[in-house]
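Written out below as structure tokens is the structure these notes cover.
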Amino acid sequence: MTTVNVSDRPAHDLKADALVLATVETAGKAALAAGHGLPRGAATHVAAQLAALQATGSAEEVLTIAGVPGVAAARVVLTGLGKGTSRTTSFDHEVLRRAAGAAVRSLKNAARVALALPTTGAESVAAVAEGAALGAYRYAGVRGPSAKAGKGVTAITVLTSDARLKPVKAAATRAAVLADAKAYARDLVNTPPNKLFPQSFADSVKARNTAASAKVTVKVLDEVALEKGGFGGIVGVGQGSVNPPRMVTLTWNPPKAKGSVALVGKGITFDSGGLNLKPATGMLTMKSDMAGAAAVAATVFAAAELGLPVKVTGYLCLAENMPSGTAQRPSDVVTMRNGTTVEILDTDAEGRMVLGDGICLAGEGNPDAIVDIATLTGAQMVALGARVAGIMANDDAFRDRVRAAADVAGEASWPMPLPTDLRSQLDSGVADLAHKGERWGGMLTAGLFLQEFVTEGTPWAHVDIAGPSYNDGSAWGYTPKGATGYGVGTLLSLVEDYAG
Ligand code: BES
Ligand code: MN
Ligand code: ZN
């Protein structure tokens, strides 16, 4: 885990491997942003370098210079904040997060990093700390014995004159916990699907819990228990694979809890489509089809680590969707946990089947609210693109509450409707429910399907993260290639909202 500290020492004195400073874009040219605290000679030197390099100070611009006179750190990294002046002290938190992240992400062989960006109070310090810690993430991969790992960032120091204030210190702690949680979610998603299948996912959760002194209660239902328990959705999806399904329940139940939140995650460790096999290109990123479950697991551990006074129960609906002689068929009818029967129409619409069972189980615990998070539909990406999640709910106020949590976390999202007009598309001639509707509005009919498994009166929201969970393109801001960890920030902020 990367450590995160705050300090009010002058930036130029710190013996870090790299010192990160910000630039702003003023009349198309870069200027050193506020908060650097450099002596005049050093600041003049940096300004001359910026001019010589024709820096612009735009967002995502990262430049490294070495040997700045009067600065102890060997390297100075300049990261752009975009439009502003050298006197601007207040910046959007997501702008700070991304700039800090892009700078730290650019570093090679730097263990100790200090950042002196413009901040005003605990929340902006938190943004810099989070961005930096998230930008430090590297996926180790699966490598042979001859591979040598580069030195990663191990210690982050955020410089601020407020370093002695309690909320500022707490922000640093929280940033470290959040980044560690997102790193765990990213690692799970990046792990190849021959290494991460339902049982090994469950094992990973148990191991992480043990390593963090077992604050969380972990229960695992195996395929026999699932069959017995009437979880027909998850059993059906998992029956084609040699790696049987699991339902993992994680409970953080602190004394004097101020409320209870249930989190349900789609955990398809590989989605081949089943008998309705996906084309080759569509299968390429489908190891990431458990990103919802990864976000849920990481959030429950983070809530426990921070000691948040809210009961949080995570449900990981784990299965591998594979074609085989034992695989589910289109036209099969299965009985879900709550007794509802579903006619399978397309085995590639497997996510809603495992989630339906998970939402039923979550409801049995009578939580104050349920949030499910899932890489559920390609239609989400058609509607909102690769970076913006769709949020649907049975209650507008609760949907707005989840959206607000996403905004605080810097995770882009947008509200989507659940039109009652579309519900008739889920009528079936042979079962209680058909398991998909027409192509158009596929994200919404998937949401309507899930709503069928929510207990009346329980606020419920559904977050479709098909796009934002996995970055197919190049890295940006604090977001690496591959798994993004999307959802951990939203869910943790929501739990904190319940904590008050
Ligand atoms: N896991 C996919 C959705 C997905 C697609 C996630 C692309 C991330 C990127 C899901 O299980 C799926 O296959 N959905 C189908 C549903 C359809 C058959 C109703 C889809 O969206 O095409
Ligand atoms: Mn699918
Ligand atoms: Zn899927």
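Order of listing sets the numbers, starting from 1, for every ligand and every atom in it. Just so we're clear, the structure is a prediction, and the values are computed from it rather than from any experiment.
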- Message: Is it the case that the side chain of S324 and the backbone of G240 share a donor-acceptor pair, with hydrogens and angles ignored and the cut-off at 3.5 Å?
- Response: yes
Atoms in ligand 1 flagged as close to [X], the criterion being non-hydrogen separation under 4.0 Å:
X    : result
A466 : 6 (C), 8 (C)
M286 : 1 (N), 4 (C), 5 (C), 6 (C), 7 (C), 8 (C), 9 (C)
E350 : 11 (O)
T375 : 1 (N), 2 (C), 3 (C), 6 (C)

- Message: Quick check: do E452 and D432 have side-chain heavy atoms less than 4.5 Å from each other?
- Response: no
- Item | Which N, O or S atom of D271 lies nearest to the Mn ion (ligand 2), by name | OD2
- Message: Suppose we only allow N, O or S atoms; which atom of E350 ends up nearest to the Mn ion (ligand 2)?
- Response: OE1
- D289 N/O/S atom closer than 2.8 Å to the Zn ion (ligand 3): yes
- Within A349, is some N, O or S atom less than 2.8 Å away from the Zn ion (ligand 3)? no
- Which of the listed options, M381, K266, K278, K436, holds the heavy atom that is closest to atom 13 (O) of ligand 1? K278
- Query: Which N, O or S atom name in D271 marks its closest approach to the Zn ion (ligand 3)?
  - Reply: OD2
- Task: Enter the distance from Q328:CD to D346:CG here, rounded to the nearest 0.5 Å.
- Result: 10.5 Å
- Reported NZ-to-CG distance for the pair K287 and N190, which is rounded to 0.5 angstrom: 5.0 Å
- Task: Run the contact test for M283 against ligand 1 with a 4.0 Å cut-off on heavy atoms, strictly below, and give the result.
- Result: no
